[in-house]
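Below, chains carry the letters A, B, ... as their sequence lines are ordered, and counting in each starts from 1.
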Protein chains: 2
Amino acid sequence: MTRIPAAERRAALIDAALRVISREGIAQATTRAIVAEAGMSLASFHYAFASRDELLDELISTVVAREQQAVVPVPAPGRGLRELLETGILAYFEHLRADPAHEQAMLELTQYALRSPDRLPLAVAQYARYAELAERSLVLAAEMSGARWRVPVSEAARVLVAFTDGLTLTWLVDRDDTAALSVARAAADALSRMADPL
Amino acid sequence: MTRIPAAERRAALIDAALRVISREGIAQATTRAIVAEAGMSLASFHYAFASRDELLDELISTVVAREQQAVVPVPAPGRGLRELLETGILAYFEHLRADPAHEQAMLELTQYALRSPDRLPLAVAQYARYAELAERSLVLAAEMSGARWRVPVSEAARVLVAFTDGLTLTWLVDRDDTAALSVARAAADALSRMADPL
DNA sequence: GTCTATACACCGATAGAC
DNA sequence: GTCTATCGGTGTATAGAC
């Protein structure tokens, strides 16, 4: 009916696809399910995208670019690095609990990308982005607590990404909040020991 | 042609399915791909299994039951808990490097199970098994190093599972061995601090 | 029990009217 | 540009001969 700019239509389809994947998984995110979610006809899909794979590729790039600081150390002067890190990880955990489907979708998208050599760079970029955000948090936390990283911050950031990833995956399976808190504490402990107080 | 007992045929199909999933991913593990891998006809599949889902369910149960001690602390008297744990995690990492496709397959199976309420118990059982194996390692490591867990061993085991899971996922994406070693070190550090020397 | 042949649903993608 | 209708292909599952 209405005439909609191509870019807008692409964005709408990407959003719809993410909703379908979050709700039902990537396997159920067929072109038909996506256009139904977006309230469009099937042909509109292929007017906006050459193929389903093209949409999924752009979906990953878009969502990764959109990803915001997840592990934010809450500014609270006078607290040590360990406490700041733990609070930051707990903030991420709250984010996970608030929208588990989103993190589950991101995990599925990663594994999808891992399965094709062509799409592998998308997964790598996704985790590079995670590491970048983690690094920013770590720099900030060290500044706030007056500490100095003994190892390259990028290395510590990579560890933080692994720890939060593990926290996410295990919690998605057993939904054990207490266990997740324990993981958060252990992770903050290990990370804080990669820095020296000034 | 040949007459094969049903149980044997089921086992052969399960093995074939695991090979296909490891090689090409769960999405490509169609009934046709599985029977081709097993060298059977399509009808034989449905003689042995009522449906593809039934095979996947049994595949998860079988593989999980088959799972062996992954993080084994290498017996080496005179070493501290931290060193024992690190060696154990590194042993797991070597196992991961030796057969990444297997761990990737296990991750995909977990996510597949997470997507249906009926199959959720399979994922839960899978991670309960991981935790059980981890707990055994931690008990052993404490014994060998003469340490005593300050927290319930099951709690420390759950943390170990999360850490190895995170190590796995991130390494599968970037294949950064150095980063993985760093994760292993940090994980061993955090875990060892959950125990006291005797 | 094991096969070939096929039913039937659903997929991605396109043709062609408007 | 947007729609309905449909193509060609592949998926799971089954029928029926042997």
task = Residues of residues 15-45 of chain B with any non-hydrogen atom less than 4.0 angstrom from an atom of DNA chain C: list those, numerically ordered, please.
result = Ser41(B), Ala43(B), Ser44(B)

Using a strict cut-off of less than 4.0 Å between a Lys/Arg side-chain nitrogen and an Asp/Glu carboxylate oxygen, indicate whether [X] and [Y] qualify as a salt bridge.
{"X": "Arg10(A)", "Y": "Glu58(A)", "value": "yes"}
{"X": "Asp15(B)", "Y": "Arg66(B)", "value": "yes"}
{"X": "Asp196(B)", "Y": "Arg150(B)", "value": "yes"}
{"X": "Arg193(B)", "Y": "Asp189(A)", "value": "yes"}
{"X": "Glu86(B)", "Y": "Arg79(B)", "value": "no"}

Can you tell me the distance, in whole Å, between the [atom1] atom of [X] and the [atom2] atom of [N]?
{"X": "Tyr47(A)", "N": "dT2(D)", "atom1": "OH", "atom2": "C1'", "answer": "9 Å"}
{"X": "Leu55(A)", "N": "dA13(C)", "atom1": "CG", "atom2": "P", "answer": "11 Å"}
{"X": "Asp53(B)", "N": "dA13(D)", "atom1": "CG", "atom2": "C1'", "answer": "12 Å"}
{"X": "His46(B)", "N": "dC3(C)", "atom1": "NE2", "atom2": "P", "answer": "14 Å"}
{"X": "Arg10(A)", "N": "dG1(D)", "atom1": "CZ", "atom2": "P", "answer": "14 Å"}
{"X": "Leu13(A)", "N": "dG1(D)", "atom1": "CG", "atom2": "C1'", "answer": "14 Å"}
{"X": "Arg52(A)", "N": "dT14(C)", "atom1": "CZ", "atom2": "P", "answer": "15 Å"}

query = Using a cut-off of less than 4.0 Å, is there contact between a side-chain N or O of Arg9(A) and OP1 or OP2 of dT2(D)?
reply = yes

Audit row: Arg97(A), Glu94(A), salt bridge (charged side-chain N to carboxylate O under 4.0 Å, His left out) steps and yes/no = CA-CA 5 Å; Arg97(A) 292 216 307 167; Glu94(A) 281 313 307; 3.6 Å; yes

